Amino acid sequence: MAKEVTKREDNYSQWYNNLVVKADLAENSAVRGCMVIKPYGYAIWEKIQAQLDKRFKETGHQNAYFPLFIPKSFLSKEAEHVEGFAKECAVVTHHRLMKDPNGTGVVVDPDAKLEEELIVRPTSETIIWNTYKNWINSYRDLPILCNQWANVVRWEMRTRLFLRTAEFLWQEGHTAHATKEEAIAEAELIINLYADFAKQYMALPVVIGKKSANERFAGALDTLCIEAMMQDGKALQAGTSHFLGQNFAKAFDVKYATKEGNLEYVWATSWGVSTRLMGALIMAHSDDNGLVLPPKLAPIHVVMVPIFKTDEEHTAIVDAMEALKKQLLKLGLSVKIDDRDNLRSGFKFAEWELKGVPVRVAIGPRDLQNGTAEVARRDTLTKEILPMEGLDSTIFSLMDIIQENIYNKAVTFREENTRKVDSWEEFLVEIEKGGFLMCHWDGTTQTEEKIKELTKATIRCIPLDTDVMIEEGKCVYSGKPSHQRVIFARSY
RNA sequence: CGGGGUGUGGCGCAGUUGGCUAGCGCACCUGCUUUGGGAGCAGGGGGUCCUCCGUUCGAGUCGGAGUACCCCGACCA
């Protein structure tokens, strides 16, 4: 009973934390607020990275890398941007240590004070736009479509594994365009790319929408986002794509010569997803037995557990497994044969379920005689005895079935927990139940803040693509006229 | 930065109104028996009880200060 996971309904956040640690994805580090991503967790992140990277390149983007440190003066060039990040920055003030003259160990050498402090990037707009200034002269230099895979630091008060850590891994795209229309199209392209990735790979349905002015990225004219629903009914912002207008171009004086010979400021976007996606993946699909991984992101697709009494049986079973493994490898699946001899099969079953491996194959002496194997699905927790013959293709097609099933389950859950609410009394009751509330809103920040103050619910987004949301109505709080419903929810 | 809680082998905890050699479960090591849903028995190793100061014949236990972490708020991908 070493690795029992707590139940979801008892304490959702404890369940989540427990799961992350027990499933071997990550753990807290010695550094406050920072986490260690363990090999099993990182393997999932690598799959996410690879797929996104492929999609970025298919849409004409290139990877580049910019410095970790940002001179303090850069950060203050865009007024809203500083305000948004100032409160959570790590600052480098010195560049040297020395032996402690009054004792043992080392102290900061006071003589090594930096003339200008360096900020550990909370995001890279400023350093990148300072660089783009030198890259852009003419309309022929545009567009610039760069992405970087990097780590950033935001000194958060409270942290949670994957969902909010002081340091996190992400990708951040930064693009420069000649026209407003092109920049807006880029921001939309990316948010759709994210949504499609979430659906196809993470088996995660998301709502694409626009942030209200209040929730917008510091320095953006518009923030597009994808919002997902977790199993406790809370919303999680899974990715953002910002239309930055000419704000950063103006702050860093980035102009280009048009065909006609005029000087114009360039238009910008930035966009990103982070290791928070891992949190979304875990919270959206897992159950009380542990992680449930969609096959497209699972580091191990199939785990095989031999059941045996004698050495001869063990050898014969593992031989049969090796043969099946070879066939599965040919089909592109990753396979693990768990032939540890110090653990019982029941323990292994539980352990691999905890780690979310989509399919488990158990073979025992009985199967060996009958030419069968026991195949268990992680998503449904069902198992059946199947003939060894043709098992490779059966398992291969199971992957798509499982992927789809996990997605459908998440869609169903979201639909069951999304509802229209039209009165304030109803809102107060419904928000306690969790989920997405589709409500009319008068469009003012005051109303939005009042609702947040009273209920902790925020506008997750103004959905872009849902026709049903466009209709006349009255604001759920103020009663003023509204033309479209927005999504209210409590969030992470 | 406010409110609450916890610091005892690697992990999770117990330790009564201060009392004698600091204990339990898991994990670990050795051996035997086991293996179709988290094995059993026997033996074994591992502790400056967060730190400092105080009270006392005697402190894991009481008091004070510090410190670290967790939970709830404010802040956020």
Side-chain angles (χ1 to χ4, degrees), chain A residues 1-6 11-14 17-18 21-22 27-33 83-89 121-123 150-172 194 211 214-218 223 225-228 235-242 270-280 289-290 305-311 313-314 317 338-354 360-370 372-376 381 383 385 452-453 456 458 460 491-492:
Chain A
M1 297 288 166
K3 291 200 167 183
E4 237 169 38
V5 177
T6 49
N11 180 338
Y12 195 81
S13 62
Q14 200 189 333
N17 251 310
N18 231 307
V21 174
K22 299 274 172 66
E27 60 189 26
N28 280 309
S29 74
V31 184
R32 182 205 155 276
E83 212 179 303
F85 288 103
K87 285 168 281 181
E88 49 187 44
C89 286
R121 61 182 167 216
T123 178
N151 57 340
V152 288
V153 170
R154 297 182 188 176
W155 212 262
E156 302 289 352
M157 294 294 192
R158 289 185 57 202
T159 60
R160 244 146 104 48
L161 291 168
F162 288 119
L163 296 181
R164 190 175 303 109
T165 44
E167 179 193 8
F168 57 93
L169 304 181
W170 76 348
Q171 62 63 217
E172 47 179 327
Y194 286 156
K211 285 291 185 192
N214 212 28
E215 301 275 326
R216 207 179 274 154
F217 176 74
T223 289
C225 63
I226 51 172
E227 293 285 328
L236 182 76
Q237 180 175 313
T240 49
S241 178
H242 315 291
S270 70
W271 28 273
V273 295
S274 70
T275 34
R276 174 181 265 198
L277 285 181
M278 297 281 295
N289 289 333
V305 179
I307 295 160
F308 58 94
K309 286 198 171 88
T310 63
D311 279 354
E313 279 172 358
H314 180 253
I317 289 166
D338 186 354
D339 62 353
R340 289 175 294 178
D341 58 3
N342 58 334
L343 297 170
R344 317 183 104 216
S345 48
F347 182 91
K348 294 179 185 175
F349 292 170
E351 188 175 76
W352 292 112
E353 267 163 26
L354 182 56
R360 181 185 72 234
V361 175
I363 299 178
R366 220 152 55 210
D367 295 304
L368 215 51
Q369 280 212 321
N370 303 338
T372 58
E374 182 192 86
V375 177
L381 292 170
K383 48 190 181 184
I385 309 286
K452 183 177 180 182
E453 185 191 318
K456 289 188 223 158
T458 50
R460 296 324 301 158
S491 76
Y492 279 98

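Quick caveat: nothing in here was measured; it's all calculated off a predicted structure. We name chains A, B, ... by the order of the sequence lines, and we start the count at 1 in each one.
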Looking only at B:U35, B:G36, B:G37, the nucleotide nearest the A:Pro365 side chain is B:G36

Nearest heavy-atom contact between A:Thr458 and A:Ser491 is OG1-OG, 4.2 Å

Closest to the side chain of A:Glu374, out of B:G37, B:A39, B:G36, is B:G36

Margin query: I'd like the C1' distance from B:G44 over to B:U56, given in whole Å.
Written below: 38 Å

Walking RNA chain B from its 5' end, the first of A:Trp170 and A:Arg160 to be reached, judged by nearest nucleotide, is A:Arg160

With rounding to whole Å, what would you report as the distance between B:U48 and B:A22 at their P atoms?
13 Å

Which of B:G38, B:U35, B:C70 is nearest the side chain of A:Lys309? It is B:U35

From the candidates B:A77, B:G37, B:G36, the one with an atom nearest any side-chain atom of A:Arg154 is B:A77

Paired to B:G18 by Watson-Crick or G-U wobble criteria (both distances under 3.5 Å) is none

Quiz prompt | Inter-nucleotide C1' distance (B:G66, B:C13), Å rounded | solution = 26 Å

| request: Give A:Thr165 one of three labels, base, sugar-phosphate or nothing, depending on what nucleic acid heavy atoms sit under 4.0 Å from its own. | output: base

Practice prompt. Using a heavy-atom cut-off of under 4.0 Å over every strand shown, decide if A:Ser345 touches base, sugar-phosphate, or nothing.
Written response: sugar-phosphate

Testing B:G37, B:U35, B:A77 for proximity to the side chain of A:Ala350, the answer is B:G37

Looking at A:Lys456, does any N or O in its side chain come under 4.0 Å of the phosphate oxygens OP1/OP2 on B:G73?
yes

Distance check, C1' atoms only: B:C26 and B:G45, in whole angstrom units.
16 Å

A:Lys348 atom NZ is separated from B:G36 atom C1', nearest whole Å, by 13 Å

Scanning all shown strands, the Watson-Crick or wobble mate of B:G43 with both distances under 3.5 Å is B:C29

message: Taking any heavy-atom pair under 4.0 Å as a contact, classify A:Asp367: base, sugar-phosphate, or nothing.
response: base

Nearest heavy-atom approach of A:Cys89 to A:Trp155 is N-CB, 4.4 Å

Point to revise | N/O donor-acceptor pair, side chain A:Lys383 with base B:G37, under 3.5 angstrom | key: yes

Expressed in whole Å, how much space separates the P atoms belonging to B:G63 and B:U16?
13 Å

Could you tell me whether A:Trp170 atom CH2 has more than 12 heavy atoms of other residues or ligands within 6.0 Å of it? yes

A:Ile317 CD1 to B:U35 P, in whole Å, measures 12 Å

Which part of the nucleic acid, if any, lies within reach of A:Arg360 when heavy atoms closer than 4.0 Å are counted: base, sugar-phosphate only, or nothing? base

Span that lies between the P atom of B:G64 and that of B:G4, in whole angstrom: 15 Å

Original post:
Ion pair present between A:Glu27 and A:Lys22, side-chain N to carboxylate O less than 4.0 angstrom?
Top reply: no

In Watson-Crick or G-U wobble terms, with both distances under 3.5 Å, the base opposite B:A65 is B:U51

Pi-cation contact, A:Phe349 with A:Arg360 (under 6.0 Å, within 45°)
yes

### Query
Under 4.0 angstrom, heavy atoms only, what part of the nucleic acid is A:Gln237 near: base, sugar-phosphate, or nothing?
sugar-phosphate

Separation of B:C28 atom P from A:Arg340 atom CZ, nearest Å, is 11 Å

Integer angstrom distance from the C1' of B:G58 to that of B:C20 | 10 Å

May I ask you to say what A:Leu163 touches in the nucleic acid, namely base, sugar-phosphate or nothing, with a heavy-atom cut-off under 4.0 Å?
base

**Report entry** Whole-angstrom distance between B:C11 and B:G2, as gauged at atom C1'
**Finding:** 32 Å

Nearest-nucleotide check on RNA chain B, A:Thr310 vs A:Lys452; residue mapping nearer the 5' end is A:Thr310

**Prompt:** So, A:Ser270 versus A:His242: side-chain donor-acceptor pair below 3.5 Å or not?
**Reply:** no

Sorted by chain and number, sequence neighbours left out, side chain to side chain contact (heavy atoms under 4.5 Å, CB included) with A:Glu156 holds for A:Glu88, A:Arg154, A:Thr159, A:Arg164

Per atom distances to the A:Asn17 side chain, the nearest of B:U35, B:G38, B:C71 is B:C71

message: For a quick test of reading the model: is some side-chain N or O of A:Arg344 closer than 4.0 Å to OP1 or OP2 of B:G36?
response: yes

_Ring centres within less than 5.5 Å and planes less than 30° apart: is that true of A:Phe168 and B:A77 in this structure?_
yes

Note to self: Whether the side chain of A:Glu353 and the base of B:G37 hold a donor-acceptor pair under 3.5 Å is what I'd like checked.
What the structure shows: yes

Answer for the Watson-Crick or wobble partner of B:G73, both distances under 3.5 Å, is B:C1

